[in-house]
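Structure, as structure tokens:
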Amino acid sequence: MSTGVTGPGRAAISERTLREDRWWLSPLVTFVVFSAFVVYATWRAFSGEHYYASPYLSPFYSPCLADCVEGASDFGQPFAGWPLSAALIILIFPLGFRMTCYYYRKAYYRAFWLSPPACGVAEPHGGYSGETRLPLILNNLHRWFWYAAVLVALVLSYDTLLAFRNADHEWGHMGLGTVLMLVNVVYIWLYTLSCHSCRHIVGGRMRHFSKHPVRYRAWTLVSRLNTRHAQYAWVSLFSVALVDLYVYLLATGTITDVRFF
Ligand code: FES
């Protein structure tokens with residue numbers, strides 16, 4: 001199949017692009033930042049240690065369902081005896097959600113596969129099968145990952161609640177870790193609720209909004225959030241990594257927690 005750029009009915013333009021602006025900057029930044037995150041997240045997810053510094057649990061390891069360090073497991077340990085890092089049990093849900101996200105798809109198709117690298121720039125590939133074959137056909141699972149992502153967001157909200165304790169698990173305390181977890185969970189919810197699939201789940205398949213005023217209001221709210229979905233995607237990616245890094249630095253004794261009260 002033709003790429004369309006040189007297909008029948010198109011002007012025969014030999015240049016790869018006629019754009020003269022720095023169109024390559026956006027995919028390049030995406031490539032560098034996304035690669036850095038993947039390297040960091042892979043290292044942390046496989047390490048299997050330094051993910052809990054009471055009362056803070058790293059979001060990469062939440063919920064901790066295997067042989068977790070004391071205090072890190074709030075939902076039992078049904079995978080006790082699991083030989084690998086506990087993060088690998090639950091990683092598929094946030095990872096699958098982000099990998100199948102409509103915004104991230106655009107970002108990594110452009111930055112990693114150059115397919116195409118930018119608007120008005122021809123891609124180097126000769127064929128195009130869309131998302132009709134493995135592995136890209138799996139991107140159609142996004143809606144189902146959204147349901148899992150809601151559960152993950154609920155668990156992270158619970159973790160944030162637990163962060164209003166001190167290291168001895170007494171309530172009514174707050175540290176810098178609490179603030180970071182709070183900011184993170186707010187952005188996780190904004191990212192999750194601004195999802196295109198969420199917008200369809202809330203307001204799709206209806207003939208008359210007038211007969212469903214509650215769903216219409218919810219759809220209006222989600223639609224507003226949806227305009228900033230890309231921004232929430234990136235900020236929540238950074239905030240997850242930042243909380244994990246903070247927990248890592250605490251757990252390794254590199255820093256001590258800043259306590260406010
Ligand atoms: Fe991005 Fe659903 S479209 S999370």
Side-chain angles (χ1 to χ4, degrees), residues 26-27 29-38 40-42 45 58-60 62-63 87 90-119 129-160 181-206 215-244:
S26 176
V29 170
T30 302
F31 180 84
V32 171
V33 175
F34 207 42
S35 297
F37 178 82
V38 168
Y40 175 80
T42 303
S58 162
F60 287 176
S62 181
I90 46 113
L91 189 67
I92 180 64
F93 301 110
L95 183 68
F97 185 49
R98 294 208 180 232
M99 289 300 288
T100 60
C101 162
Y102 289 85
Y103 168 69
Y104 279 119
R105 273 142 83 172
K106 172 188 161 191
Y108 67 74
Y109 286 170
R110 288 188 171 189
F112 285 80
W113 289 336
L114 311 177
S115 182
C119 287
S129 62
E131 294 173 335
T132 58
R133 294 191 209 145
L134 281 172
L136 294 185
I137 197 171
L138 295 177
N139 277 334
N140 294 296
L141 293 174
H142 185 62
R143 166 182 287 240
W144 302 106
F145 277 119
W146 182 82
Y147 292 116
V150 170
L151 291 179
V152 170
L154 286 170
V155 170
L156 294 183
S157 303
Y158 183 62
D159 290 342
T160 306
M181 289 178 77
L182 200 53
V183 170
N184 177 51
V185 84
V186 166
Y187 274 100
I188 291 287
W189 274 115
L190 287 173
Y191 173 59
T192 306
L193 295 178
S194 63
C195 167
H196 296 61
S197 289
C198 174
R199 188 165 175 263
H200 184 257
I201 288 165
V202 169
R205 289 183 295 186
M206 267 188 295
R215 286 185 67 183
Y216 175 67
R217 291 184 72 145
W219 177 81
T220 306
L221 177 64
V222 170
S223 297
R224 263 195 221 124
L225 294 176
N226 183 255
T227 61
R228 295 177 169 226
H229 187 60
Q231 182 184 329
Y232 298 144
W234 283 111
V235 175
S236 60
L237 195 74
F238 293 135
S239 64
V240 162
L242 186 62
V243 171
D244 176 77

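Start at 1 and go down the list; that is how both ligands and their atoms are numbered. In what follows, residues are counted from 1 in the order of the sequence shown. When reading the values below, keep in mind they use all heavy atoms of this one structure, side chains included, and skip hydrogens, waters and symmetry mates. Just so we're clear, the structure is a prediction, and the values are computed from it rather than from any experiment.
Here Arg98 pairs with Tyr104, Ser236 under the side chain to side chain donor-acceptor pair (under 3.5 Å) rule; sequence neighbours left out. Qualifying ring pair (Phe, Tyr, Trp, His ring centres under 6.0 Å) partners for Phe238, counting only residues two or more places apart in sequence or in other chains: none.
Between Ser35 and Phe112, some side-chain heavy-atom pair lies under the 4.5 Å cut-off. Looking at Tyr108 and Thr30, their side chains never come closer than 4.5 Å, going by heavy atoms from C-beta outward. Within the 4.5 Å cutoff, the side chain of Leu154 has heavy atoms near those of the Trp189 side chain. Two residues are said to be in side-chain contact when any heavy atoms from C-beta on lie closer than 4.5 Å; Asn184 and Leu242 fail this criterion.
The closest approach between any non-hydrogen atom of Tyr104 and ligand 1 is not below 4.0 Å.
Of all protein atoms, those that are N, O or S and lie under 2.8 Å from atom 2 (Fe) of ligand 1 total 2.
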Only distances under 3.5 Å count here; give the side-chain donor-acceptor pairs of residues 133-143 to other protein atoms, sequence neighbours excluded, each with its distance to 0.1 Å.
from   : atom 1 : to     : atom 2 : distance (Å)
Asn139 : ND2    : Tyr109 : OH     : 2.9
Asn139 : ND2    : Glu131 : OE2    : 3.4
Asn140 : ND2    : Ile137 : O      : 2.8
His142 : ND1    : Thr100 : O      : 3.3
His142 : ND1    : Thr100 : OG1    : 2.7
Arg143 : NH2    : His200 : ND1    : 2.5

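Near Tyr191, the atoms of ligand 1 lying under 4.0 angstrom from a non-hydrogen atom of the residue are 1 (Fe), 4 (S).
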